[in-house]
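Quick notes on the structure that follows.
For reference, positions follow the sequence shown, starting with 1. Read the numbers this way: they start at 1 and go in the same order the structure lists the ligands and their atoms.
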Amino acid sequence: MIRDQEILDALLDSVRRFVRERLVPAENEVAETDAIPPAIVDEMRRMGLFGLTIPEAYGGLELTMEEEVRVLFELCRTSPAFRSVIGSTVGIGSQGILMDGTPEQKAKYLPRLASGELISSFALTEPEAGSDAASLRTTAVRDGDHYVLDGTKRFITNAPQAGLLTVMARTDPATPGAGGVSAFIVETPSPGISYGRIDRKMGQQGAHTCDVIFDGCRVPAANLIGLKEGQGFKTAMKVLDKGRIHIAAVCVGVAQRILDDALRYAMERRQFGRPIAEFELVQAMLADSRTELYAAQCMVVDAARRRDEGRNVSTEASCCKLFASEMCGRVADRAVQILGGAGYVADHGIERFYRDVRVFRLYEGTTQIQQIIIARNMIRDAS
Ligand code: COS
């Protein structure tokens with residue numbers, strides 16, 4: 001659903017300009033320094049990018065899902081590390097509060113998230129609980145007006161920068177699996193929280209992940225999301241349903257950029273006396289990429305519209321995440337092939353994109369987890 005086409009068009013124009021004039025020229029620097037220049041983060045704040053999904057009442061832009069994915073198609077035509085700066089705050093870090101938080105929790109935290117004053121992260125994964133998220137071991141034991149958190153979270157995106165963590169922890173050790181899990185809003189820095197070293201990743205330099213270690217960390221009981229124990233796993237799953245459409249839109253944006261670069265190269269690069277874009281085997285790679293990209297874009301927009309209509313999009317979100325992330329990997333692979341040796345060396349940036357996009361098939365649920373969700377939902381719906 002698009003609420004106001006004119007306002008959206010103005011936002012899309014300014015994002016397009018920002019990507020072209022500020023982000024694309026900074027790509028190499030970010031890859032080399034493993035850091036996003038603070039001036040760029042400040043510009044993102046001023047543009048309201050941290051508040052894309054937060055209601056206007058709390059100072060955000062309150063984009064619908066369709067509007068959000070259209071912004072992502074534009075914002076992600078550059079290194080995906082830039083999207084990651086805002087990604088956990090507009091997405092999985094804030095949405096649990098928005099979906100299931102109390103009015104007091106929303107009033108206290110959402111305005112500071114929308115302005116970008118607070119960066120948030122989503123802390124679900126643990127050393128022993130990745131795909132099997134419901135087996136998480138971090139505990140939250142009630143002690144008067146507080147819960148005491150103990151455990152380790154792993155691969156937490158933006159944790160080094162975050163001022164707020166949405167943490168899933170087990171409040172009921174007697175209930176194994178999903179039913180014993182609750183979600184908490186944890187402010188950082190706080191006593192009892194420490195961080196592992198920043199992970200050295202295959203790609204997306206500038207976007208940081210690390211372990212977050214809770215050791216007797218006291219969290220006010222008022223920060224239990226929704227003030228209800230045992231609901232945290234469902235909150236996390238609802239957040240991920242939305243997050244998976246978001247990531248699928250990111251894949252579309254990045255794939256579009258990669259394909260644009262590959263096409264430009266193929267039209268300029270001459271072999272056997274002609275631009276290589278005139279050779280049918282190169283054309284086949286371009287056409288396959290264009291076709292798959294178009295399919296993913298249509299899926300993402302359709303799923304976003306369905307979500308805006310209030311429908312359950314768990315299946316569609318997983319279909320989008322699965323297809324778009326695999327599509328993006330194939331588009332990047334073909335781009336390397338089209339550029340040949342130039343695709344393998346760092347100068348053209350394609351090998352960097354090839355590494356950057358690999359994680360799309362992993363985080364917010366691997367391709368195999370999306371397959372499981374889709375098939376399980378199909379069987380449930382048919383029963
Ligand atoms: N929305 C709302 N509720 C949901 C839901 C959703 N999308 N998905 C599951 N639930 C509910 C179920 O209805 C069930 O509730 P009841 O016990 O009341 O019936 C509960 O949550 C447990 O669900 P389920 O039994 O399906 O959980 P499982 O442990 O079998 O597995 C998967 C769930 C595998 C789908 C889940 O663990 C998952 O998504 N894993 C991947 C995690 C992930 O994406 N990690 C990335 C970290 S973030 S970068």
statement: In this structure, atom 31 (O) of ligand 1 is nearest to the protein heavy atom Arg376 NH1, 3.7 Å

query: Does Ile372 come within less than 4.0 angstrom of ligand 1, counting non-hydrogen atoms of the residue?
result: no

statement: Asp241 heavy atoms within 4.0 Å reach ligand 1 at atoms 1 (N), 6 (C), 7 (N)

field: Joint hydrophobic cluster, Leu149 plus Ile156, side-chain heavy atoms closer than 4.5 Å
entry: yes

query: Given the protein's heavy atoms, is any one of them under 4.0 Å from atom 13 (O) of ligand 1?
result: no

statement: Closest to atom 1 (N) of ligand 1 (heavy atoms only, candidates Met99, Met168, Lys238) is Lys238

- prompt: What do the steps show when you test Arg264 against Asp261 for salt bridge (Lys or Arg N to Asp or Glu O under 4.0 Å), and what is the final call?
  reply: CA-CA 5 Å; Arg264 192 171 340 100; Asp261 285 3; 3.4 Å; yes

task: Run the numbers for me: atoms of ligand 1, each under 4.0 Å from some heavy atom of Ala178, listed by number.
output: 22 (C)

- line: Closest to atom 16 (P) of ligand 1 (heavy atoms only, candidates Arg244, Glu126, Lys234) is Lys234

statement: All heavy atoms of Ile193 vs all of Cys217, minimum pair found to be CG1-SG, 3.6 Å

task: Look at atom 19 (O) of ligand 1 and say whether a protein heavy atom is found at less than 4.0 angstrom from it.
output: no

message: Tell me the protein heavy atom at minimum distance from atom 49 (S) of ligand 1, and give that distance in Å.
response: Glu364 N, 3.4 Å

- request: Tell me which part of Leu240 gets within contact of ligand 1: side chain, backbone, both or neither, using heavy atoms under 4.0 Å.
  value: side chain

- prompt: Please state which protein non-hydrogen atom is closest to atom 21 (O) of ligand 1 and give its distance, to 0.1 Å?
  reply: Phe233 CD2, 3.6 Å

query: So which protein heavy atom does atom 29 (O) of ligand 1 come closest to, and at what separation?
result: Ala134 CB, 3.6 Å

query: Any side-chain heavy atom of Met47 within less than 4.5 Å of one from Val15?
result: yes

task: Among Lys321, Glu364, Arg361, Glu326, find the residue that satisfies the side chain to side chain contact (heavy atoms under 4.5 Å, CB included) test when tested with Gln370.
output: Lys321

- request: Report the nearest protein non-hydrogen atom to atom 9 (C) of ligand 1: residue, atom name, distance rounded to 0.1 Å.
  value: Met237 CG, 3.8 Å

task: Please check if atom OH in Tyr354 has more than 12 non-hydrogen atoms from other residues, nucleotides or ligands closer than 6.0 Å.
output: no

message: Between Thr78 and Arg257, is there a side-chain heavy-atom distance shorter than 4.5 Å?
response: yes

field: Shortest non-hydrogen separation from Glu316 to Ala303 and the atoms involved
entry: CB-CB, 4.0 Å

- prompt: Looking at Ile373, which atoms of ligand 1 are within less than 4.0 Å of one of its heavy atoms?
  reply: 35 (C)

- request: Say whether Thr125, considering both its backbone and side-chain N or O atoms, lies within less than 3.5 Å of an N or O atom on ligand 1.
  value: no

message: Which heavy atom of Glu67 sits nearest to which heavy atom of Asp4, and what is that distance?
response: OE2-N, 3.9 Å

field: Close approach, Ser131 and ligand 1, non-hydrogen under 4.0 angstrom
entry: yes

Shortest non-hydrogen contact from Phe50 toward Ser115: CB-C, 4.4 Å

- request: Answer yes or no: does atom CZ of Arg274 have more than 12 heavy-atom neighbours from other residues, nucleotides or ligands under 6.0 Å?
  value: yes

message: Can you confirm whether some protein heavy atom lies under 4.0 Å from atom 5 (C) of ligand 1, or whether none does?
response: yes

